[in-house]
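From a predicted model like this one, the values you see are computed outputs, not experimental measurements.
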Amino acid sequence: MMSNTYKLVKIKLKRDSMSRILTLLLVIVAALAISVSITITHAASPPQIINANPTTLVYAPGTPVWNPYASGNLIGTSISYMPLAMYNQFTGVLYPVLAVNWTLFPQNKTFIIYLRHDLYWFNGSAVMPFTAWDVYAEFYIGVKAFGWYYPFLNASLVDQEIRVLNNYTIEFVFNEWSPQQPYYILTTEISTPWPVWKPIVDKLKTMNATQATKYSFNVTEFVAPYWGLAPYYVSSISSSYITLNLEPMYYNGVPLLASWLKVFPFSSWSLYSPTFIIWFTGGNTQSMTAMMGGKAQYSWVGLSQQQVITVENAGVGVMLTPDFAIAALITSSLVYPFNIPQVRQAFLYIINRTEVAESWGLMVTFPTWVNTPTEYYTLNNSWNGVPEVLALYPKPLVDEVIVYNVNWTYAAQLLESAGLYKKGNQWYLPNGTPLTLEIVTPSGWTDWVTMASVMANELTEFGIPTKVIAVDTGVYWGTLFWGTSWEAAETWVPWAKGWSSIWMGWNWPWWVFGWYVPVECCIPNSLPEGC
C-alpha cells in the first residue's frame, strides 16, 4: 500500500546509554523520512524474516554489550528486552507488558507498579524468574550512579525513593513530582536481572552520591552475561548479524512463550520461521540494495523520492509511514566558542531549514523553525501552522517561543556581540583565529549526510568554513556521539507520533535538553540562551 501524501520522520535508534544527562544546544533542522520496504513471499513453509538494519554492528566478545549503562550496548538493538509498558503516542494509552498495572498518588509524589508473576529471563539454556528486584536494579543503578531523572529522583535519597514492596510490586517516591516521570519509567526496557547486578547495587549502597558518580565508570565496564526478557532470545552474534530464536513454549516445565502469549494474545509468531535475523548492512543504500536483491524481507530506511521509485520498480513493496522525529544539528557547549549563547543562537539564524529539507525532498522531510517542545505539524497536521499550535500552549510557554527564520544580518550581530569579527568572507575569533567547523554524521545514512552537506555549504557561504565528516554508523552511535571531542553533530531531538509508536518509549529528556544540561532548568528544544 502506498500513500501519496504523508508526513514522515525517523529511523528508530534504540537507547544505548540514554541514562546520561546530556550538554549541547539544539539547532533544529529537519524531520527525516522513513520508508518501510516489505517483500511478501508465499511459500509452503513459514517464511524466514531477515531485517536489513541500516546501521553497523560493533561487537567484540567479552565487551559490555549487555550492559545498559555502557555506550554501544546492544540492549535495544537486539530486540530481546521489553519495557514495563508500551506507549501509543496516537492515543496516549499505555499497554501493559512487564507491568500488569500501576497506581499514581500525585499528592504523595508516589508511583506504584504491579508486575506480572509469570515472566522469565532466558539465555537459551537456563531460566530465571522476573521480579521487582530486576526493575529495582535497573533504576537504582541509573539514579545512584548516573543521575537518571534528576531532580525528580535524587541520587542521595535513592534508598528512600525506590523501594521493593514485594517480589512483584515496586514503589517510586519522587523528590519532585512531574506527570511525565511515570511515562519515562514505564517505557524503560528492563535489562538488569537481579542475580547479575545485585553485587553492583550492594556496592553502591555503601557509597555517597559523589562516590557513586565516580564508580559509574566501573559500572560501564562491567561485562554482564546475556539474559533476554522477550519472546525472542539472542542465539548468536557475528560481525554483521544478530540471530534470534523464538522461545520455546515451555522450558523444563517453565512457561516461556506460553507466558508471552498472555501479554501479546494477538501475536503472529506462528506464521514465520522461529529464527529471526537482523542483518546490519551499514547504511540506507545498502539496505535498499538488499531489499531489491531479495536478500532481506523488510527494512526501515530513509529514502529519497527517487530511491522510493527505484525500489518500487524493482518489485519491492513500499509503505511510507508517518513516523515523526526532529533531526538536528547540535553544537557542543564544551567547545569554544559554542559555549557562548550568542554564538549558538547565531546558527539558528544562519541555516535555511527549507533548503536543507528540500535537499532530500520536501515530500519526505519538513523544515521546522520553532523551539517548541513538540513538533508542531504533529498537532495540526500542517507544517506551516505555527499560530494554531501556539494557541494550544500555556501563555508562559508561548512567551518563550522564538521563530528562527533566516536572518544573516542578525546572526552577524550576535557573533559580533560575542567578540567575533568578520574580515572578507571569513569570521574570526577575538584572538584572530579563523572560525571553522566540522560536522560529524553517520556515514551510512545518506539522507543525513546529504542534509549535513547543505548545512555545511550555507555556513561556509556565511563565512564559517565547514566540512562534513561521515563516520561509520556503528562507531558514531556506539562511541563517538557520546564523547566530547566533536564540535557539531547530527542527531534526533525529540521523537514523536508514528504508526510504529506502540514500540516507542516516551521521549527521554536528555535527548531533548542536550548533553549534561541540568534537566530542571530547560524546556524541550532548549532556548538558545541555554541554561
**OP:** For ring pair (Phe, Tyr, Trp, His ring centres under 6.0 Å), just list the numbers for Trp227 and Trp121, CA-CA rounded to whole Å, side-chain angles, deciding distance to a tenth of an Å, and then say yes or no.
**Re:** CA-CA 6 Å; Trp227 287 92; Trp121 299 89; 7.6 Å; no
**OP:** Could you go through the side chain to side chain contact (heavy atoms under 4.5 Å, CB included) check for Val219 and Phe146 one step at a time?
**Re:** CA-CA 10 Å; Val219 176; Phe146 298 94; 3.8 Å; yes
Original post:
Under the side chain to side chain contact (heavy atoms under 4.5 Å, CB included) criterion, do Asp118 and Arg116 qualify, and how do the steps go?
Top reply: CA-CA 6 Å; Asp118 54 353; Arg116 296 184 186 273; 4.1 Å; yes
**OP:** List in chain and number order the residues that pass ring-ring contact (aromatic ring centres under 6.0 Å, His included) with Tyr120, two or more places apart in sequence or in another chain; answer none if no residue qualifies.
**Re:**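 By the ring-ring contact (aromatic ring centres under 6.0 Å, His included) rule, Tyr120 matches no residue at all.
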Any idea which heavy atoms bring [X] and [Y] closest together, and the distance?
| X | Y | answer |
| --- | --- | --- |
| Pro225 | Val196 | CD-CG1, 3.7 Å |
| Val449 | Pro442 | CG2-O, 3.4 Å |
| Val263 | Tyr95 | O-OH, 2.5 Å |
| Ala452 | Val468 | O-CG2, 3.5 Å |
| Val301 | Ser299 | CG1-OG, 3.0 Å |
| Leu115 | Ile113 | CD2-CG2, 3.8 Å |

Hey, is the main chain of [Y] close enough, under 3.5 Å, to the side chain of [X] for a donor-acceptor pair?
| X | Y | result |
| --- | --- | --- |
| Glu138 | Val135 | no |
| Glu487 | Ser332 | no |
| Arg344 | Phe338 | yes |
| Gln48 | Thr275 | yes |
| Thr188 | Tyr184 | yes |
| Ser287 | Asn284 | no |
| Asn108 | Thr110 | no |
| Ser156 | Ala209 | no |
| Ser80 | Ala230 | no |
| Thr220 | Ala70 | no |

Subject >> Working for side chain to side chain contact (heavy atoms under 4.5 Å, CB included), residues Leu84 and Ile190 >> reply: CA-CA 7 Å; Leu84 295 166; Ile190 304 302; 4.1 Å; yes
Heavy atoms, side chains only, cut-off 4.5 Å: are [X] and [Y] in contact?
| X | Y | answer |
| --- | --- | --- |
| Phe222 | Tyr69 | no |
| Leu261 | Ser267 | yes |
| Glu189 | Pro68 | no |
| Ile141 | Ile200 | yes |
| Trp197 | Tyr140 | no |
| Tyr149 | Ile185 | yes |
| Trp66 | Val234 | yes |
| Asn51 | Ile79 | no |

Subject >> Crowding at OH, Tyr336 (>12 non-hydrogen neighbours, <6.0 Å) >> reply: yes
**OP:** Step through the shown structure and confirm whether more than 12 heavy atoms of other residues, nucleotides or ligands are within 6.0 Å of NZ on Lys205.
**Re:**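 Enclosed: over 12 neighbouring heavy atoms sit under 6.0 Å from NZ of Lys205.
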Just say parallel, tilted or perpendicular for the rings of [X] and [Y], cut-offs at 30° and 60°.
| X | Y | answer |
| --- | --- | --- |
| Phe481 | Trp486 | parallel |
| Tyr183 | Tyr87 | perpendicular |
| Phe264 | Trp260 | parallel |
| Phe172 | Phe174 | parallel |

**OP:** Not counting sequence neighbours, which residues clear side-chain hydrogen bond (donor to acceptor under 3.5 Å, both in side chains) with Thr243? List them please.
**Re:** Ser236
Original post:
Taking only residues two or more places apart in sequence, or in another chain, which ones meet Thr169 in a side-chain hydrogen bond (donor to acceptor under 3.5 Å, both in side chains)?
Top reply: Asn166
Subject >> Residues Tyr226, Tyr233; criterion ring pair (Phe, Tyr, Trp, His ring centres under 6.0 Å); working and verdict >> reply: CA-CA 9 Å; Tyr226 172 75; Tyr233 69 95; 7.6 Å; no
How many angstroms lie between [atom1] in [X] and [atom2] in [Y], if you round to the nearest 0.5 Å?
| X | Y | atom1 | atom2 | value |
| --- | --- | --- | --- | --- |
| Tyr81 | Ser191 | OH | OG | 6.0 Å |
| Asp134 | Asn167 | CG | CG | 9.5 Å |
| Ile277 | Ser238 | CD1 | OG | 9.5 Å |
| Lys214 | Met207 | NZ | CE | 11.0 Å |
| Leu257 | Glu247 | CG | CD | 7.0 Å |
| Thr55 | Ile278 | OG1 | CD1 | 9.0 Å |

**OP:** Begin with the C-alpha distance, continue with both residues' side-chain angles, and end with the deciding distance and a verdict on side chain to side chain contact (heavy atoms under 4.5 Å, CB included) for Ile351 and Leu329.
**Re:** CA-CA 10 Å; Ile351 294 173; Leu329 170 68; 3.6 Å; yes
Original post:
Step by step, would you call Thr281 with Gln286 a side chain to side chain donor-acceptor pair (under 3.5 Å)?
Top reply: CA-CA 6 Å; Thr281 63; Gln286 295 92 319; 5.4 Å; no
